[in-house]
Novice: 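One structure follows; several queries about it will come next.
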Amino acid sequence: MRFTSLVPRFAFALAACGSVLLSACDSSTTPAAKTLSSITVSPSSATLAIGGTQALTVTGSYSDNSSAAIASGVTFTSSAPSIATPSSAGVVTAVAAGSATITATVSGKSATASITVSPPVPTMSSIAITPTPVTLSVGATQQLTVTGTLSDATTQALTSGVTFGSSTATVASVSASGLVTAIALGTTTITATHTASGKTGTLAVTVNANGQIFVDDYSTGVSFVDFGGAANAVTVDAATPNNGRKSLKIVITGSGAYSGGAFAVSTARDLSSFNAVTFWAKASVAKSSLKVGLGNTGTSDKYAAEVTSLPLTTTFTKFVIPMPNPAKFTAANGLFHFADGPNNYTIWINDLQYEKLPVAQVGAPTAAAAPWGATTVTMGTPVQLAFGNNTVSFAAPALPDGGKLSNVSWRWFTLTSSNPAVATVDADGLVTGVAPGTATISASIGGITVAANPAITVVAGSAPTTFPAAPTVAAANVLSLFSSSYTNRGVDTWQTSWSAGNSALVDPFVIAGHNVKKYSLFNFVGIEFGTNVPANIVDASTMTHFHVDVWTPNPSSNLEIQLVNDATGTAAVGKFQAGALASGSWVSLEIPLASFAGLSAKNKLQQLLFVGTSPTIIYVDNIYFHK
């Protein structure tokens, strides 16, 4: 029974293999092998820092639509091995900044990955402090700038993350923002440390009194010198302080001629280490008429330079007046000066001193002018080149007068002669004729060459050998200042201290026993009668004419004669243009007083001026008023 029951099952199975399932039961048939269709690399791109690594994975895609990682048999190459280098296991190492393509190859199939290597993050290599070195007067300040140099040679301003310190804080302190304040005489080292990198820079600071004029009081040796004829009231004022220190109070007169004077020292100072004179100032009312400058001692203006209209307000403001050429200021006696009036107001000045400032603060000279026009020099009689029109311009926006210094004297310039055998020139612009001929005088300042002027002409010397004819006006109708034909009135001085430049007087100049006066006229010369001695004042109310005899070997293109009357405390200046006089002969000028333009009165005449448009020599005689 058991055997019989098994037969049908076998028969069923056999029948099945013989029909539908025959192929599955055929042991001689095998499936086809799968093949590699393509490969991919992951990641397909990567950005690495120098020294960084990235492992690449290769995945294969097969003919039966399957995929699998391929761990062996892969070859890796780099388009730029100097930038990125792969290992045999597919680990890429970043070598240098740039880009490279990594190619993976297996069984003839390839794929790529893009590798970017970033440049290294620059690190701080060093820091520097500017300006350097710093020289300050007591009370002065200086803002420091810190600059970092990075490992890639670039620089950047470090405005934060820097700490400052002073080795001797009692000499000069430094704030957290890098502002140095000079406290006492001496030296100190300022240190700046970049917190993140630990890099340090140092700066030497010297505090001296050499540049100090008035800081809480007058600096040692400084005195105030009145300008001639000025009305001054200059006092130390503790009631109007600034920066915690006393001020100079200067009252500008409301009547009379003007107020003005100089702050000077008898022992010259070397100020060549500074580049500007600075001060704080305010006024009782807003004014722009004050003239300030440096280099004038009150009696000499050989280093003069001025700002002619300082814009004062009623609030203390710091002013910066550049030195025209600091290297030249090695022997300074005139430290600062002012002039104004009569304008009837009050000025306060504080922290008046010389400072060494960055070029960005004080500016650099950009142009200069020194026009003196055509000049004739007589041998044996030097000619002073006038500097009244000299200017130096600066780029500093804080400088008044459009960034221009005026009345810049010759000692700031370098003067040279093209032909010293014909004419020489000294540091003060005094030209001396050596032989007849022509020579060109050139001027430069701080590397700036001044526009050329006409050549200097040197002529042989000459002087009058005769004197003018005796006047014929009756003595009763004459008020004489100088004449051998009349009784002369008193004269305070025949050459004032405020006469321009190197104007010189020979008194007497004798011609065959007859006395005249010889002026070497460089711009102008002043004569005073009554300014200091009231009895010498001339009342010419009843006079109708002014007379003078003039002889010149080198006429100015225009000789101007001025008379100054001061009847009300306000000077009235009358001017007469005599023009170009004849050369080599006496010229008798008979001038109606009505021809002096601007002379509104003639009852208190006190000054007479001879003014030349170019340097000239004049011999004068018979100077009188008459009717």
Novice: For D428 and R411: C-alpha separation, side-chain torsions, deciding distance, then whether salt bridge (Lys or Arg N to Asp or Glu O under 4.0 Å) applies.
Specialist: CA-CA 6 Å; D428 293 315; R411 288 202 182 182; 2.5 Å; yes
Novice: Any side-chain heavy-atom pair from D340 and Y258 closer than 4.5 angstrom?
Specialist: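 A side-chain contact under 4.5 Å is absent here.
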Novice: State, with a plain yes or no, whether a side-chain heavy atom of F319 is found less than 4.5 Å away from one of L312.
Specialist: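 Touching, per the 4.5 Å side-chain cut-off.
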Novice: Salt-bridge test for E355 and K318: reply yes if a basic N is under 4.0 Å from a carboxylate O, no otherwise.
Specialist: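 Yes.
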Novice: For F329 and W412, I'd like to know if the aromatic rings sit close, meaning centre-to-centre distance below 6.0 Å.
Specialist: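 Centroid distance F329-W412: below 6.0 Å, so yes.
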Novice: Do you know which two heavy atoms are closest between A264 and V225, and how far apart they sit?
Specialist: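 Taking A264 first and V225 second, the nearest heavy atoms are CB-CG2, 4.4 Å.
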Novice: Where is the tightest heavy-atom contact between K602 and L605, given as atom of each residue plus distance?
Specialist: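 Between these two residues, the closest heavy atoms are O-CG, 3.8 Å.
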Novice: Check for me whether the distance between the ring centres of Y624 and Y486 falls short of 6.0 Å.
Specialist: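 Under 6.0 Å, so yes.
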Novice: Heavy atoms, side chains only, cut-off 4.5 Å: are Q562 and V611 in contact?
Specialist: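 They are in side-chain contact.
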Novice: Under the salt bridge (Lys or Arg N to Asp or Glu O under 4.0 Å) rule, what do K604 and D566 come out as? Steps first, then yes or no, please.
Specialist: CA-CA 6 Å; K604 288 188 177 181; D566 192 359; over 6 Å; no
Novice: Are F214 and F263 close enough that their ring centers fall under 6.0 Å?
Specialist: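 No, the ring centres sit 6.0 Å or more apart.
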Novice: When you measure from the side chain of N558 to the backbone N and O of G579, does any donor-acceptor pair fall under 3.5 Å?
Specialist: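 Between the backbone of G579 and the side chain of N558 there is a qualifying donor-acceptor contact (under 3.5 Å).
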Novice: Can you confirm if the aromatic rings of W498 and F227 lie within a centre distance of less than 6.0 Å?
Specialist: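 Not close enough - the centres of the two rings lie 6.0 Å or further apart.
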